[in-house]
Amino acid sequence: IAPGDAVAAPTVAWSGRRALVLFRAGTSSELRYTLLTPELGKLIDDARLTQDGAGAPNAFAVTRDPRGGFAAAWIEPATGRVLFARIDNEGGLASGPTELASAAAGRSEVAVTGTSSGFVVMWNDTVRAIDIAGTPSGAPAAVSALGSNLSLLWSGAEVTLLSRSASKS
C-alpha cells in the first residue's frame, strides 16, 4: 500500500507488535496483505493471498493468532469456496490456503477468530474449528442463521458469534 494506491475494503488485525492489513487491490482481482509497524511503517511489500483468476473476494476477514502471527478467511466469489490461511509475524504464509468448504452458491459472510487451541471460522450459517497448524478439525457445524455483518470474539473462555440482527454464545 502506498499513498495514492486504490485499496478496497481494508480490514486490520493488531498483534501487539504490528498490524496486518488485508485488502482488495484496486481494480485487480486479488486479495493482498501487508504488515505495518505501530508507526504505520511498511514491513513487507504487498503480498498476494488469492490465486490468479479466483477473483477478488467481497467477503474476507483477518484476526491475530494468539501464538503470534495472523489468520485470514475468505470466500471465492466465482465458486463460493471458503478458504483459510495463516500468516506469520514476518508476513510469510505459514499454512494454506486450505479449503474449509467446497464450492456452493449463496455464501456471502465470513468471520474468523483465534483461540487458545487454534481458530474458529464462520460463514453464513456454518462454523468450523481449525487447529493450531491451520488444519480443519472435525466436521463443519451448522448454526442458526445470524444475519449479516458476522463477527467472532474470543474471550479467553468462549467464542461469541455476533451479527447485526442477533448474537449467540
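The figures here come from the full heavy-atom set of this structure, side chains too, leaving out hydrogens, waters and symmetry mates.
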| said: For V127 and V121: C-alpha separation, side-chain torsions, deciding distance, then whether side-chain contact (heavy atoms from CB on, under 4.5 Å) applies. | reply: CA-CA 6 Å; V127 173; V121 178; over 6 Å; no
| query | Any side-chain heavy-atom pair from F70 and D65 closer than 4.5 angstrom? | reply | no
| request: Identify whether W14 and L43 are in the same connected component of the hydrophobic contact network (ILVMFWY, side-chain heavy atoms under 4.5 Å). | output: no
| Closest heavy-atom contact between V112 and A73? | CB-CB, 4.2 Å
| Roughly how far apart are F84 CZ and E99 CD, rounded to 0.5 Å? | 14.0 Å
| said: Nearest 0.5 Å, please: how far is CH2 in W74 from OG1 in T50? | reply: 7.5 Å
| Non-hydrogen side-chain atoms of T160 and L152 separated by less than 4.5 Å | no
| note | Taking every heavy atom of A111 against every heavy atom of A61, the minimum-distance pair comes out as CA-CB, 4.0 Å
| task | Check step by step if side-chain contact (heavy atoms from CB on, under 4.5 Å) holds for M122 and V143. | result | CA-CA 9 Å; M122 181 175 185; V143 295; 3.5 Å; yes
| If you group Ile, Leu, Val, Met, Phe, Trp and Tyr by side-chain heavy-atom gaps below 4.5 Å, do L100 and I132 land in one group? | no
| request: Determine, stepwise, if the pair S117 / D131 fulfils side-chain contact (heavy atoms from CB on, under 4.5 Å). | output: CA-CA 6 Å; S117 60; D131 68 19; over 6 Å; no
| request: Look at the side chain of T34 and the backbone N and O of L20, then say whether any donor-acceptor pair between them is shorter than 3.5 Å. | output: no
| request: Determine the minimum heavy-atom distance between A71 and F119, stating which atoms define it. | output: CB-CE2, 3.5 Å
| What's the spacing between R81 CZ and E76 CD if we round to 0.5 Å? | 4.0 Å
| message | What's the separation between atom CZ in R48 and atom CG in L31, rounded to the nearest 0.5 Å? | response | 11.0 Å
| task | Run the numbers on F60 and L22 for side-chain contact (heavy atoms from CB on, under 4.5 Å), then give the verdict. | result | CA-CA 8 Å; F60 53 90; L22 185 64; 3.7 Å; yes
| task | Return the minimal non-hydrogen interatomic distance between P97 and A85, and the atom names on each side. | result | CA-CB, 4.2 Å
| When rounded to the nearest 0.5 angstrom, what distance separates OG1 in T113 from CZ in R64? | 8.5 Å
| Is the ring centre of Y33 less than 6.0 Å from the ring centre of F23? | no
| Is the closest side-chain heavy-atom distance between T11 and V21 below 4.5 Å? | no
| message | I'd like to know if the side chain of R18 and the backbone of N89 have a donor-acceptor N/O pair within less than 3.5 Å. | response | yes
| query | Which atom names give the shortest non-hydrogen contact between G134 and S95, and what distance separates them? | reply | CA-OG, 3.8 Å
| Between V12 and A19, what is the shortest heavy-atom contact and its length? | CG1-CB, 4.0 Å
| How many angstroms lie between atom CG of L83 and atom CD1 of I75, to the nearest 0.5 angstrom? | 9.5 Å
